[in-house]
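The structure presented is a predicted model; accordingly, all values stated were derived computationally and were not measured. Residue numbering restarts at 1 for every chain, and letters A, B, ... go by the order of the sequence lines.
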Protein chains: 2
Amino acid sequence: MNEFNEYFKSAFTVDNVIFGFDEGDLKVLLINRGEEPYKGKWALPGYFVYPTEDLDAAAKRVLEELTGLRNVYLEQVKTFGAVNRHPFGRVITVAYFSLIKISHYTIQPSSIAKKAKWHSISKVEDLAFDHMEILNACFHRLKWLVRSRPVGFELLPPKFTLTELQHLYEAILETELDKRNFRKKILSMNLLIDLDETQEGVAHRPARLYKFDKEKYEKFLAEGFSFELKESKKKEKKPRKKARANVAS
Amino acid sequence: MNEFNEYFKSAFTVDNVIFGFDEGDLKVLLINRGEEPYKGKWALPGYFVYPTEDLDAAAKRVLEELTGLRNVYLEQVKTFGAVNRHPFGRVITVAYFSLIKISHYTIQPSSIAKKAKWHSISKVEDLAFDHMEILNACFHRLKWLVRSRPVGFELLPPKFTLTELQHLYEAILETELDKRNFRKKILSMNLLIDLDETQEGVAHRPARLYKFDKEKYEKFLAEGFSFELKESKKKEKKPRKKARANVAS
DNA sequence: GGGAATTAGTGTAAACTATACACTAGCCAG
DNA sequence: CTGGCTAGTGTATAGTTTACACTAATTCCC
């Protein structure tokens, strides 16, 4: 045990990139720092990991204290431990991201939550510490995730239209998708339940509402299925390759 | 700073899953523990992160002290911090994996290295601590990696045959691949340089030797290309799907 | 109440990619 | 010089991805 004491010298935290989707924009929940260092700057919500607390539990706690939400999609992404990432000492942080439905989010009475605000991810810049790097790592992971698993549902309200779903994917992937191909792909997965309801109060033809088929989704995960979404090349107008790579040497 | 002292209570380590490839088998370098806890059991090489050392640097150090190798493929995978994962106290560990060429590995004089041994990954079981879980996580990541990037080269000697390369992929993916399709795919990436040499001293038609085109590989990474390798279904004999998913509702 | 505005919803053909599959080539050993 | 062994090679078919444009349903405005 002697060796141990010598290395009991790092503070250990979690930071949580909380994604939401609203008004067609992918958003992230940030805290305005009330104290040094980086006072007044925006930062990711995070806190120390308690000595008797698992890492995932710490990330969940941070999330719940801020949003009041439990049972949320949460994933560990990467650990950041550059020696000088915190000016006051050695702080190693495990980055998580979570996906929540903004419609379910209500400001919590905690002091931290009062300083929280949603920011469009495309407009975020200049965060405290190395949080920009952390945000980018999590955003990158989310992009990857969304291409291989239909996690988009975690960010949408229980009932949604296909166009909303498409806009969500477009916001995450930062690209445009072809409407017909998107629908083909999504519907062919059989993970949507057509609710036989339509939108109300919109000044155009109302769209059908769908919900997400949780049961099939579990199966989907268990079987390790995956799917791919590819960018529409509509705008690029570049001609297709005619020749195939010649395999013979 | 007061808050800090209260949480300076965790020991912080890195563990390194060092993969190699030899005799057609994917291997991992393990250390036989000379002390409690888990004395006599096999464990992943790892050590404390020094207070003035970045995480990646710590992982590199562990690797170099053990194998003498530098400039090796190294990737952070996941952080493990269950409260009771170490019986002597709270120890949070960042798992890395590295890919090395076993042919370049020589036993180092360090005391740790003398207790190191390569183990076929398929036969490893019952490691110390939660190292089995860590190994699995890293193996899983490697499988994923190898499907999207041609990192296999990191594990092979500078000159290799296509069959060796295929065996490597089969060992990592734990599946069989179709010889012709594998060659087509690999060669179509144009990342191999045909050395116009052949094997010597084999009791059969000698195979051509290739080396890896580092320059093109860098480009490949920069452009974010990816490729996919899929399992041969030769043995399964299951009929192909005839009907396509019907998109119309 | 009719037309303009707006978004929903739908199919197909062509390009591309993945798959299954079997024989000949070249070397060594006996 | 034959048998044993692994290297090396092509093609046809199934399946997937892509590009692309019009009609349908509703509200709003006049």
Checklist entry - B:F97 and B:L142: which non-hydrogen atoms are nearest, and at how many Å? => result CE1-CD1, 4.2 Å

Next on the checklist: Looking at every heavy atom in both A:V146 and A:G152, which two are closest together, and how far apart are they?
Outcome noted: CG2-N, 4.4 Å

Checklist entry - Which class fits the ring pair B:F212 and B:F153: parallel under 30°, tilted 30 to 60°, perpendicular over 60°? => result parallel

Distances for protein N or O near nucleotides 5-8 of chain C N or O, under 3.5 Å:
unit_1, atom_1, unit_2, atom_2, d
C:dA8, OP1, A:T163, OG1, 2.9
C:dA8, OP2, A:T163, OG1, 3.2
C:dA8, N3, A:R205, NH1, 3.2

Item to check | Flag, side chain of A:E170 to backbone of A:L177, donor-acceptor distance under 3.5 Å | outcome: yes

Whole Å only: how far is the [atom1] atom of [X] from the [atom2] atom of [N]?
X      : N      : atom1 : atom2 : value
B:E176 : C:dA20 : CD    : P     : 12 Å
A:F182 : C:dT10 : CZ    : P     : 14 Å
A:L165 : C:dG9  : CG    : P     : 12 Å
A:K185 : C:dG9  : NZ    : C1'   : 20 Å
B:E200 : C:dC28 : CD    : P     : 10 Å
A:K184 : C:dA13 : NZ    : P     : 12 Å
B:I186 : D:dG8  : CD1   : P     : 14 Å
A:N181 : C:dA14 : CG    : P     : 16 Å

Checklist entry - Within 45 degrees of the axis of the six-membered ring of B:Y105 and under 6.0 Å from its centre: does B:K101 put its NZ or CZ there? => result no

Item to check | Note: B:K211-B:D194 ion pair, threshold 4.0 Å (strictly below) | outcome: no

